[in-house]
Amino acid sequence: MIDRARVAAVESDKRVAFAQLVDRDLDRGYRIAGVILGSGPDAEDAVHDAVVQAWRAFGGLRDTARFEAWFQRILVNVCRDRLRKRKRSPVTELTLVTSRATPDDFAEIDDRLALDRAYARLSPEQAITVVLRFSADLTLEDVADRMRVPVGTVKSRLHTALLIMHRALSGAEVIDR
Amino acid sequence: MNADNDRQIRAWLDARDPGAPPARLREATAAVSYGTRGWRFPGLDYMPVRVFGRSWSLRPLAVLLVVLALAAAIVGAGLLYRWLQFPPRGLIAYTVSLSETGSSGIRLIAADGSGARQITASVPNLFEHAPRWSPDGRTLAFVRLSDLNAFGSCIGAGSIVLYDVETGSERVLVPRLRTIQEVGWSPAGDKVAFVGPSVGCSDTAELGVVDVASGALTRTSLENALWMLRWDGDSVSAVRVPTIDGPAVEVLPTDLPSNDGRFVATVSGPGRAMDVALGVLDRAAGRMIDLGAGGSPSWAPDGSSMAFVQFTGAPSEFGLTFRDRLAIATTGTWQVRTLADVTVLDESNPSLVRLPRLAWTRDGSAVYWMDMTGGHVLEVATGRVVDLPKDLNGCDDLQWQPTPRAD
């Protein structure tokens with residue numbers, strides 16, 4: 001016999017627990033997504049999608065202590081899908097420079113544009129690896145966990161990505177991989 | 001790696017940091033666990049409706065509506081298909097009296113009046129009657145009588161003729177017979193059996209079986225009586241039918257066995273007197289089932305039921321006709337359904353009333369008959385009745401074509 005009251009109570013507890021966990025990890029997740037995607041609105045969409053997916057799969061999470069890593073894995077997948085779609089239909093964001101520019105400003109803008117272009121040339125996996133390592137400051141092992149690949153793969157992707165970005169900064173030709 | 005480059009990369013990454021999430025994102029994500037149910041149309045989940053003081057998610061309602069719509073569509077399609085299947089397809093063969101030539105002929109017509117044509121020539125003193133369809137519906141066998149003695153039908157030259165419905169060609173299957181009582185096809189359609197002559201015309205009778213392809217004929221002597229042909233696979237036998245004197249010079253069968261012989265319908269007398277009882281003898285059980293006042297029994301081809309005319313006991317309308325009922329009794333349970341009106345001509349002598357003859361289509365889905373209001377066909381499952389074309393009025397011995405096979 002199903003105890004409907006008990007099921008309802010458990011269900012209610014589950015909702016509350018999930019909401020609390022999401023609220024705790026929302027900031028970090030939003031900022032990671034923002035750096036990966038380079039757009040606040042895109043990051044909002046990606047985080048919301050990830051939260052919806054996480055809720056649907058929440059019943060399968062055995063240890064809520066691992067919620068952060070688990071949620072970030074979902075978020076990474078969502079961001080990766082968005083980057084892939086973006087590669088198929090690229091959108092260029094324009095940055096309007098309104099202040100009076102100095103030669104140093106131009107140099108800074110040049111570097112930023114160079115990195116923008118280099119980042120756009122990275123594969124989604126390479127881009128996310130760079131962000132998780134240098135923006136989210138995750139260890140190589142944690143990056144491997146979020147992306148579900150071996151540590152060696154993380155190192156390889158990181159190496160390639162940084163090579164491309166360094167060469168962009170030095171003005172050298174960027175080779176697509 | 002260049003440390004300056006690393007710093008620039010970090011600075012570039014930091015510049016992309018959007019900062020704290022906006023309040024709307026926090027609100028939206030907080031609501032997810034209270035609305036999303038893991039469904040492809042989450043939008044509907046966020047549209048709860050309040051009915052009877054409770055909020056209901058639209059999802060189960062939408063699913064229920066879709067299921068109900070599908071079920072209704074399937075049932076509707078089935079009903080429409082059944083509706084369109086009635087009246088049955090196929091041509092009705094019937095004998096028509098040709099007063100202008102003093103003869104009779106055979107005509108065909110569909111239930112909707114299409115395909116009407118006469119398949120025999122209107123030759124004086126040539127009587128073509130008793131059309132019988134082959135099991136595949138492609139060939140019509142009928143009796144042709146010529147040289148009839150003016151005083152009756154006992155003396156004459158008879159033959160059995162086969163008519164190809166598609167080509168319109170005919171051939172004489174058996175020539176030089178006397179008058180013929182009954183003609184019938186074997187279930188395989190490769191033989192035709194007949195019994196003749198007509199009752200009372202001779203001291204003896206014969207049962208003949210003709211191979212349709214070769215024309216080979218075998219004969220068996222019988223005593224002169226009313227005989228019914230019964231096929232058992234490839235072989236045929238003649239079953240004697242008890243009779244009583246009917247209207248004019250007719251004899252009417254009192255006993256009508258079902259095709260498998262398990263049951264025998266019996267009528268206690270001719271005509272339409274209210275004391276004429278209709279019963280069914282269950283041979284295996286050895287008991288008689290009383291179906292009340294009625295007559296004209298007719299067994300379904302598979303023996304699962306029996307149609308008959310149930311006398312209503314209502315007085316004659318204007319002294320002219322009775323409105324009786326066409327009834328169908330289910331074999332075994334003997335539950336009776338009365339399904340349609342049958343209009344019977346009132347005679348001054350009730351025993352002289354001619355009851356309509358009831359016939360079944362080959363597939364057992366319909367019963368058809370001629371009465372005082374014309375021809376009718378009844379769909380057994382639903383009780384739906386359709387009137388047949390007026391061309392059939394006054395005719396008798398209607399024979400519905402079995403569903404023709406596609407080539």
Side-chain angles (χ1 to χ4, degrees), chain A residues 11-12 14-23 25-45 47-48 50-59 108 111-112 114-116 118-119 130-131 133-137 159 161-163 165-170, chain B residues 1-70:
Chain A
E11 191 68 19
S12 178
K14 192 175 138 190
R15 292 179 201 277
V16 169
F18 181 84
Q20 288 174 344
L21 289 166
V22 166
D23 188 70
D25 295 329
L26 188 66
D27 274 30
R28 190 165 163 79
Y30 174 71
R31 294 170 76 168
I32 289 174
V35 177
I36 291 173
L37 298 173
S39 161
D42 282 356
E44 283 184 61
D45 288 345
V47 167
H48 187 268
V51 170
V52 169
Q53 288 185 29
W55 169 239
R56 288 173 183 165
F58 189 55
E108 193 178 314
D111 289 342
R112 195 168 70 233
L115 285 172
D116 285 343
Y119 185 80
V130 166
V131 170
R133 181 72 182 98
F134 291 105
S135 180
D137 287 322
H159 173 80
L162 290 176
L163 194 66
M165 296 179 89
H166 278 229
R167 284 185 176 173
L169 285 171
S170 65
Chain B
M1 290 287 180
N2 188 309
D4 282 340
N5 285 346
D6 284 348
R7 274 197 297 276
Q8 281 183 290
I9 290 171
R10 284 185 180 274
W12 176 81
L13 288 170
D14 288 342
R16 287 165 69 91
D17 189 337
R24 60 175 178 266
L25 178 61
R26 201 171 290 279
E27 288 163 10
T29 53
V32 164
S33 61
Y34 291 93
T36 305
R37 303 244 176 116
W39 193 37
R40 286 179 178 274
F41 304 101
L44 282 181
D45 279 339
Y46 290 98
M47 293 166 55
V49 293
R50 287 189 70 84
V51 179
F52 306 120
R54 254 189 87 175
S55 287
W56 300 81
S57 168
L58 274 186
R59 180 182 66 164
L61 290 176
V63 170
L64 181 64
L65 278 175
V66 168
V67 169
L68 286 175
L70 276 174

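Numbered from 1 within each chain, the chains take letters A, B, ... in sequence-line order.
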**Prompt:** Which is it for A/V130 and B/L13 under the side chain to side chain contact (heavy atoms under 4.5 Å, CB included) test, yes or no, and what are the steps along the way?
**Reply:** CA-CA 9 Å; A/V130 166; B/L13 288 170; 4.1 Å; yes

**Request:** Apply side chain to side chain contact (heavy atoms under 4.5 Å, CB included) to the pair B/N5 and A/M165, showing each step before the final yes or no.
**Result:** CA-CA 8 Å; B/N5 285 346; A/M165 296 179 89; over 6 Å; no

**Prompt:** Where do B/R26 and A/D27 land on the side chain to side chain contact (heavy atoms under 4.5 Å, CB included) test, with the steps shown first?
**Reply:** CA-CA 9 Å; B/R26 201 171 290 279; A/D27 274 30; 2.6 Å; yes

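Judged purely by atom type and a 3.5 angstrom limit, A/R112 has no side-chain atom pairing as donor or acceptor with the backbone of B/W12. Between the side chain of A/R31 and the main chain of B/D17, no donor-acceptor pair closer than 3.5 Å is present.
One distance of note links CZ of A/F18 with OG1 of B/T29; it measures 8.5 Å at 0.5 Å rounding. Between the CG atom of A/L162 and the CD1 atom of B/I9 there is a distance of 5.0 Å, given to the nearest 0.5 Å.
Here the shortest heavy-atom pairing between A/Y30 and B/A20 reads CE2-O, 3.6 Å. Between B/S33 and A/A19, the shortest heavy-atom distance links the atoms OG-CB, 4.2 Å. When all heavy atoms of A/I36 and B/R16 are compared, the closest pair comes out as O-NH2, 3.2 Å. For the pair A/L115 and B/Q8, the tightest heavy-atom approach, listed with the atom from each and the gap, is CD1-O, 3.9 Å.
Contact annotation for B/R10: only side-chain heavy atoms (C-beta onward) come within less than 4.5 Å of a heavy atom of chain A.
Options A/V47, A/V131, A/V22 differ in how many heavy-atom pairs under 4.5 Å they form with chain B, and the most are formed by A/V47.
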